[in-house]
Amino acid sequence: MSIRKRSKKAGLAPGTLIHMGRAKTGATKIDLVEYDESHLEARPVESIKQCLVKKPLPTVTWVNVDGLADLEVLRHFGSCYGIHPLVLEDILATDQRPKAADYGDYLYVVLKMITLDGESGELKSEQVSLVLGQNYLVSFQEGLEGDVFEQVRSRLNNEKARLRAMGPDFLLHALLDVIVDHYFLVLEEISDRIEDIEDELIDNPTTATVQAIYRLKRQLLFLHKAFWPLREAVSSLQRRDSQLIRDTTVIYLRDLYDHTVQVLDTLETLREMLSGMLDIYLSSVSNRLNEVMKVLTIIATIFMPLSFIVGLYGMNFKYMPELEWHYGYYMVLLLSALIGGGMLVYFKKRRWI
């Protein structure tokens, strides 16, 4: 997971397309899907020479652009569908805050598609920009490997699916919904890792444990920045007075809004758990230190009178009455043992050990 700051070269006019994200190299892959209730056609697009959306037809067109390396592709979509240069600039800048904007002829929605690497435990974030028109939807991805849209593609292949009978606004909902649903999977995996760390805190907390806690805290902070603005974006979509969002779709957008609220609630719960785990770790370390200090204090206390006895008989005076005793050495050992044992019995009765 990396957090980048957006930087723009000085002297460039607003709307000037320059690479500001990660996808500066590699081929741009374009997939086209046209569908209605009766038919479905899906094909890759090798090159763009004309507008892909045939506006007079009642079919719904979904164009998925995977990769932002080719600026000519963005310029082509901007000229074909009247996308504002500032929107194209936002699409190319892959550190955008999730938001939804109404430009009259089309809606622009941007959010983060987040996955969790099971092996390394690192978050992978990819910006997804969605442009919704009258009978089309264009999605732009950064070009990272894989996405979470396979479920939507499977639904489109089903002739009886509700998605085939609805408009592009419902397709927008479907894409947003599958991204938000994947948030739950990411949070569930993080929750499992938190439970493992909790067990480790109880059994044997180490410095590696607290490092894992801080790493999870940074990940949850990153997720909070990605999730929190999305709630307002979805809320604006369901409240927007736009002809592109039909009343039948608003109901589903309300359900999507509830999902985003649940995601945020789960996220806040996990953050509170991590904060509590840090307190548990500090308490555990403090308790272990107290136990060590208690043992050392008991040992030092027991040996204090013994040190006095051996120190007393270690003085170099010629006339000491006990020095000439035949059993003096053994009496000193016995006295030391009695004192040490007596102190241990006393400490146990007082429940100090």
Donor-acceptor contact present, side-chain N135 to main-chain V60, <3.5 Å: no
Does OH belonging to Y103 count more than 12 external heavy atoms closer than 6.0 Å? yes
Under a 4.5 Å cut-off applied to non-hydrogen side-chain atoms, are L223 and I190 in contact? yes
Q262, CD atom: more than 12 neighbouring heavy atoms under 6.0 Å: yes
CD1 on I302 to OG on S307, rounded to 0.5 Å: 11.5 Å
Apply side-chain contact (heavy atoms from CB on, under 4.5 Å) to residues V73 and I30 and explain how you reach the verdict. CA-CA 9 Å; V73 173; I30 303 176; 4.0 Å; yes
Assess the residue pair L144 and D66 against the criterion (side-chain contact (heavy atoms from CB on, under 4.5 Å)); give the C-alpha distance rounded to whole Å, side-chain angles, the decisive distance to 0.1 Å, and a yes or no. CA-CA 8 Å; L144 303 184; D66 193 2; over 6 Å; no
Check T61 against L32 and note the closest heavy-atom contact, atom names and distance. CG2-CD1, 3.2 Å
Criterion ring pair (Phe, Tyr, Trp, His ring centres under 6.0 Å) on F227 and Y183, from CA distance to verdict: CA-CA 9 Å; F227 295 168; Y183 290 166; 4.2 Å; yes
Which atom names give the shortest non-hydrogen contact between L68 and L92, and what distance separates them? O-CD1, 3.6 Å
Atom CZ in R97, atom NZ in K112: separation rounded to 0.5 Å? 12.0 Å
Can you list every salt bridge (charged side-chain N to carboxylate O under 4.0 Å, His left out) pair that touches residues 181-193, not counting sequence neighbours? none
Look at the rings of W228 and H224 and say which category their plane angle falls in: under 30° parallel, 30 to 60° tilted, over 60° perpendicular. parallel
Give, for atom CE of M166 and atom OH of Y35, the distance between the pair rounded to the nearest 0.5 Å. 9.5 Å
Quick one: does any side-chain atom of R231 pair with a main-chain N or O of V261 as donor and acceptor, under 3.5 Å? no
Quick one: does any side-chain atom of S191 pair with a main-chain N or O of L187 as donor and acceptor, under 3.5 Å? no
What pair of heavy atoms forms the shortest contact from P98 to K225, and how long is it? CD-O, 4.3 Å
State, with a plain yes or no, whether a side-chain heavy atom of V128 is found less than 4.5 Å away from one of V109. no
Can you find a pair of side-chain heavy atoms, one from L237 and one from L107, that are under 4.5 Å apart? yes
Are F170 and Y252 an aromatic pair by the rule of ring centers under 6.0 Å? yes
Let me confirm one number: the CG-OG1 distance from L171 to T249, rounded to the nearest 0.5 Å. 10.5 Å
Within this structure, what is the OG-CD1 distance for the pair S125 and I114, rounded to the nearest 0.5 Å? 5.0 Å
Tell me which pairs pass salt bridge (charged side-chain N to carboxylate O under 4.0 Å, His left out) where either residue lies in residues 255-273, with sequence neighbours left out. E268-R271
Neighbour count above 12 (heavy atom, 6.0 Å) for F308 CZ: no
Before you tell me yes or no, could you show the steps for S275 and K217 under side-chain contact (heavy atoms from CB on, under 4.5 Å), namely the whole-Å CA-CA distance, both residues' side-chain angles and the distance that decides it to 0.1 Å? CA-CA 8 Å; S275 298; K217 284 180 68 69; 3.7 Å; yes
Between R43 and D31, is the closest basic N to carboxylate O distance under 4.0 Å? no
Backbone of Q127 reached by a side-chain donor or acceptor of E142 within 3.5 Å: yes
Following the transitive rule for hydrophobic clusters with a side-chain heavy-atom cut-off under 4.5 Å over Ile, Leu, Val, Met, Phe, Trp and Tyr, establish whether L244 and I251 coincide in one cluster. no
Any link between L306 and V295 through a network of hydrophobic side chains (Ile, Leu, Val, Met, Phe, Trp, Tyr) touching at under 4.5 Å? yes
For a 4.5 angstrom cut-off between non-hydrogen side-chain atoms, does T260 reach L264? no
Taking all non-hydrogen atoms of both residues, which atom of L156 and which atom of R164 are closest, and how far apart? O-NH1, 2.8 Å
How far apart are the closest heavy atoms of Y106 and G82, and which atoms are they? CE2-O, 3.3 Å
Determine whether L137 and V63 make a side-chain contact, defined as any pair of heavy atoms from C-beta on separated by less than 4.5 Å. no
Is a side-chain donor or acceptor of N157 paired with a backbone partner of R153 at a separation under 3.5 angstrom? yes
Do the side chain of N290 and the main chain of S286 share a donor and acceptor less than 3.5 angstrom apart? yes
Ring pair (Phe, Tyr, Trp, His ring centres under 6.0 Å) between F77 and F140, worked out: CA-CA 11 Å; F77 280 100; F140 297 90; 5.7 Å; yes
Any side-chain heavy-atom pair from M113 and H182 closer than 4.5 angstrom? no
Side chains of K294 and I299: does their closest heavy-atom pair fall under 4.5 Å? no
Give the cluster check for Y214 versus Y281: same hydrophobic cluster or not, with ILVMFWY residues linked at side-chain heavy-atom distances below 4.5 Å. yes
Cluster question for you: counting only ILVMFWY and a side-chain heavy-atom cut-off of under 4.5 Å, with indirect links fine, are L296 and I298 together? no
Are Q134 and D105 linked by a side-chain donor-acceptor pair shorter than 3.5 Å? no
Report yes if the side chains of L185 and T115 come closer than 4.5 Å at any heavy-atom pair, otherwise no. no
Interatomic distance, CG@L274 vs CZ@R215, rounded to 0.5 Å, equals 11.5 Å
Q96 and D90: which non-hydrogen atoms are nearest, and at how many Å? CG-O, 3.3 Å
Check for me, please, whether L267 and L278 land in the same ILVMFWY cluster - side-chain distances under 4.5 Å, paths through other members count. yes
Evaluate the criterion side-chain contact (heavy atoms from CB on, under 4.5 Å) for residue pair R246 and V250; output intermediate values, then yes/no. CA-CA 6 Å; R246 305 176 187 178; V250 171; over 6 Å; no
Taking atom types as modelled, is there a side-chain donor on T59 or E34 under 3.5 Å from an acceptor on the other? no
